[in-house]
Number of protein chains: 4
Amino acid sequence: MATSSSDKRNAILHATLELIAERGFRGTTMALIVQHSGASAGTIYHYFESKDAIIHELYRCIKRQFGVALMAGNPNQLPWPDHLIHIWLSAFRFYAAHPMETRFLEQYENSPYQINWYEHELDEHMAALVQMLHRDIERGLIINLPLEVLYELTLGVAVSLAKRQIAGMLTLDERTQTEVAEACLRAVKR
Amino acid sequence: MATSSSDKRNAILHATLELIAERGFRGTTMALIVQHSGASAGTIYHYFESKDAIIHELYRCIKRQFGVALMAGNPNQLPWPDHLIHIWLSAFRFYAAHPMETRFLEQYENSPYQINWYEHELDEHMAALVQMLHRDIERGLIINLPLEVLYELTLGVAVSLAKRQIAGMLTLDERTQTEVAEACLRAVKR
Amino acid sequence: MATSSSDKRNAILHATLELIAERGFRGTTMALIVQHSGASAGTIYHYFESKDAIIHELYRCIKRQFGVALMAGNPNQLPWPDHLIHIWLSAFRFYAAHPMETRFLEQYENSPYQINWYEHELDEHMAALVQMLHRDIERGLIINLPLEVLYELTLGVAVSLAKRQIAGMLTLDERTQTEVAEACLRAVKR
Amino acid sequence: MATSSSDKRNAILHATLELIAERGFRGTTMALIVQHSGASAGTIYHYFESKDAIIHELYRCIKRQFGVALMAGNPNQLPWPDHLIHIWLSAFRFYAAHPMETRFLEQYENSPYQINWYEHELDEHMAALVQMLHRDIERGLIINLPLEVLYELTLGVAVSLAKRQIAGMLTLDERTQTEVAEACLRAVKR
DNA sequence: GATGAATGAGCGTTCATTCAT
DNA sequence: GATGAATGAACGCTCATTCAT
């Protein structure tokens with residue numbers, strides 16, 4: 001039975017994600033992707049233009065997943081400031097629950113690959129979040145600083161802490177997660 | 001005329017820093033280091049065991065510089081909470097003023113290179129900072145959360161914002177820098 | 001049209017044999033193997049793990065050929081002492097007729113490459129010969145000295161003389177070959 | 001106090017001998033000779049034209065030593081066939097007692113280095129031996145075969161067995177040594 | 001769609017040799 | 001005599017990519 005977007009294609013993406021998470025871009029060779037995906041070199045080049053194309057596609061998929069996770073549970077219907085706490089926890093938990101994806105993202109966003117993509121992707125996936133923050137600034141609920149600053153004071157901290165948890169450098173229980181979310185809120189609250 | 005610690009050696013380190021900042025580890029080939037440093041391949045291997053050894057040495061140098069910059073101006077003699085604001089600003093300004101070093105660090109700390117080093121280096125260079133934070137926790141001045149969390153809520157934010165400034169995505173004037181430092185302080189203050 | 005066991009693979013082995021015979025291991029570079037075999041560097045590494053692997057494989061092939069040549073004509077069915085004369089002549093003629101293989105063997109067996117292999121290979125290819133000698137010792141037909149000694153007094157001499165003939169230092173006609181074989185027999189005969 | 005032919009020069013030759021015996025020509029780099037000899041690269045090139053020149057010089061020294069050892073005890077004054085037995089034992093014992101020199105010789109004589117040298121050196125160092133064999137052939141005491149053949153039937157066997165003893169593959173006690181010498185004599189005796 | 005043998009430019013590294021001091 | 005920093009051509013090997021089947 002045929003599949004809508006090919007088992008092989010998914011196997012290639014999945015193998016690449018695993019490999020990059022554990023070996024980095026440099027250590028992820030096409031030969032390794034061939035072995036782990038079960039697809040031949042020729043097949044990989046049938047579905048993707050190049051190794052870089054696989055990586056860019058993977059980035060797009062993961063960003064999409066992350067955007068969905070962030071806005072799950074309709075946070076924009078929660079009262080102030082619960083929606084910010086909710087989003088912070090969603091972000092932290094997404095990263096903590098997806099170590100391979102997180103290790104991929106941190107590598108992608110700190111590499112030559114990313115330079116052409118970054119801003120574009122930020123806008124596309126975070127549009128709803130950005131809108132929410134704008135609204136809260138206008139209402140005088142949070143301090144009037146550039147969006148990038150607000151992002152780093154809140155979700156940026158979530159990413160960094162999730163990375164450390166994945167690396168085994170610390171573990172945040174649910175209670176502490178909420179405490180940190182509240183600390184971030186204090187930082188940006190007027 | 002003889003030089004202390006060899007001109008060639010410094011030229012190699014400097015060329016490598018520039019190249020990695022603009023092309024990444026992978027894009028920084030020995031051939032490029034040869035061209036930019038003015039040293040031959042043989043000479044490079046006279047001073048360093050391998051390409052990795054150059055990179056590790058560069059990391060050590062930069063971390064040392066950063067540690068010095070952070071503790072410049074004797075922040076531990078300033079009254080609460082000025083010392084934290086002072087350190088935050090020192091960190092941000094160091095990163096913002098050293099774009100190549102910052103781009104290098106972000107790549108190093110997100111790569112296989114770093115895995116063996118990270119915690120050790122953190123302790124060595126940040127000992128004074130860590131001590132300061134411990135003291136403030138004990139005095140009940142800042143919230144009682146793991147040090148890693150406090151780090152990400154404060155200096156972690158400085159790094160991230162400096163990276164964005166280097167990337168040209170925003171510019172923080174001195175006034176705004178202080179506002180962000182104060183926002184970070186609100187996050188960790190009891 | 002497909003070939004059994006790949007033309008390229010054989011071309012690589014053959015080119016390597018020729019090159020080592022005339023230039024030694026050190027002088028046989030991968031670039032030269034590429035030129036003489038008609039295979040690209042990548043193809044060579046598709047069939048062999050390393051330059052050393054080519055050399056070890058070549059050794060195995062040649063030893064196999066030699067073992068076959070030695071036992072050709074069913075010498076163990078000949079009466080005493082004709083079977084020893086027969087084997088001696090087979091050995092000498094194999095070496096004399098295969099100068100490249102002989103030059104290869106002499107280099108392989110006097111190099112770090114061989115250290116792990118030598119004894120093992122001796123047993124494997126010479127099993128029948130060893131058995132024959134044992135039998136003749138037990139029957140009191142040849143002197144009771146260690147096998148290695150008996151080997152050097154007989155086939156070892158054949159190798160050395162063949163090497164000299166290949167080097168053009170002397171030429172043994174059929175008559176003289178038999179005389180030398182008989183001299184060797186006198187050495188080991190009780 | 002000055003030395004007749006420089007300590008450094010001897011240190012270089014000795015270090016090279018040790019290194020080649022245990023690592024071969026390929027594994028003996030100039031850097032290693034620098035370390036083990038205590039002479040700097042510059043000094044080595046003051047005494048020798050090239051790495052090959054060191055090796056050729058070493059060969060000449062060892063051949064000279066060997067020639068001396070072979071003719072020690074004035075074998076040409078011993079009665080037939082004791083002088084041949086005596087020379088055979090001298091040869092075997094020289095090799096067995098000088099493992100580094102023997103390992104060096106076997107590598108030298110199986111390498112591109114040797115091709116230009118071999119015959120010349122044979123004549124020079126073995127002149128006395130050759131003369132002795134000639135005399136014995138004329139007297140009808142030994143078989144009339146080319147000198148090279150007689151060499152391989154006698155001293156050639158001594159070399160090969162000494163190599164095996166050095167490699168730890170067998171050990172010949174004094175009694176057995178004499179038995180083998182006598183076996184070689186039987187091979188060449190009329 | 002799928003294969004995998006074949007490619008070759010380019011990689012990090014080595015090492016015999018030189019020469020200013 | 002002696003040094004050792006400097007050289008650079010050449011080494012063994014890798015790997016993203018292609019294409020005949």
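Proteins come first, then strands; the chains are lettered A, B, ... in the order of their sequence lines, and each starts at number 1.
- In this structure, A:Arg23 places its CZ atom 13 Å from P of F:dT14, rounding to the nearest Å.
- Taking every side-chain heavy atom of B:Ser50 into account, E:dT13 is the closest of E:dT18, E:dT13, E:dG4.
- The side chain of B:Tyr47 sits closest to F:dA5 out of E:dT3, E:dG1, F:dA5.
- A donor-acceptor pair under 3.5 Å is absent between the side-chain atoms of D:His46 and the main chain of D:Gly42, judged by distance alone.
- Counting only heavy atoms from C-beta on, B:Thr29 has its side chain closest to E:dG12 among F:dT17, E:dG12, F:dA5.
- Rounding to whole angstrom units, NZ of residue C:Lys51 and C1' of F:dA10 are separated by 12 Å.
- Although no hydrogens or angles enter the test, the distance criterion places no donor-acceptor pair under 3.5 Å between the side chain of A:Glu57 and the main chain of A:Leu13.
- The listed nucleotides are F:dA9, E:dG4, E:dG12; the one nearest the side chain of C:His46 is E:dG4.
- In the set F:dT7, F:dA2, F:dG12, F:dG12 carries the atom at the smallest distance from any side-chain atom of D:Arg26.
- Between the P atom of F:dA5 and the CD1 atom of B:Ile12 lies a distance of 12 Å, rounded to the nearest Å.
- Of the N and O atoms on the side chains of B:Tyr95 and B:Glu101, not one donor lies less than 3.5 Å from an acceptor on the other residue.
- Within the 4.0 Å cut-off from OP1 or OP2 of E:dT7, at least one side-chain nitrogen or oxygen of C:Lys8 is found.
- For A:Ser40, whose side chain is taken as the heavy atoms from C-beta onward, the closest listed nucleotide among F:dG12, F:dG4, E:dT3 is E:dT3.
- Nearest-nucleotide mapping onto DNA chain F: of B:Gly38 and C:Ala31, the residue sitting toward the 5' end is B:Gly38.
- Without hydrogens or angle criteria, B:Thr43 side chain to B:Ala39 main chain gives no donor-acceptor distance under 3.5 Å.
- Comparing C:Ala41 and B:Met30 by the nucleotide of DNA chain E that holds the closest heavy atom to each, the one mapping nearer the 5' end is C:Ala41.
- Classification of the D:Phe104-D:Phe25 ring pair by plane angle, with boundaries at 30° and 60°, yields perpendicular.
- Rounded to an integer number of Å, the gap from C:Tyr45 OH to F:dG12 P is 7 Å.
- Set against E:dG4, F:dT7, F:dA5, the side chain of B:Thr43 has F:dT7 as its closest nucleotide.
- Separating the CD atom of B:Gln35 from the C1' atom of E:dG10 is a distance of 13 Å, rounded to the nearest angstrom.
- At whole-Å resolution of the value, CZ in B:Phe48 and P in E:dG12 are 15 Å apart.
- The CZ-P distance, from D:Phe25 to E:dT14, rounds to 22 Å in whole Å.
- Residue whose closest nucleotide on DNA chain F sits further toward the 5' end, between C:Glu49 and B:Gly42: B:Gly42.
- The distance from atom CD1 of C:Ile33 to atom C1' of F:dC13 is 12 Å, rounded to the nearest whole Å.
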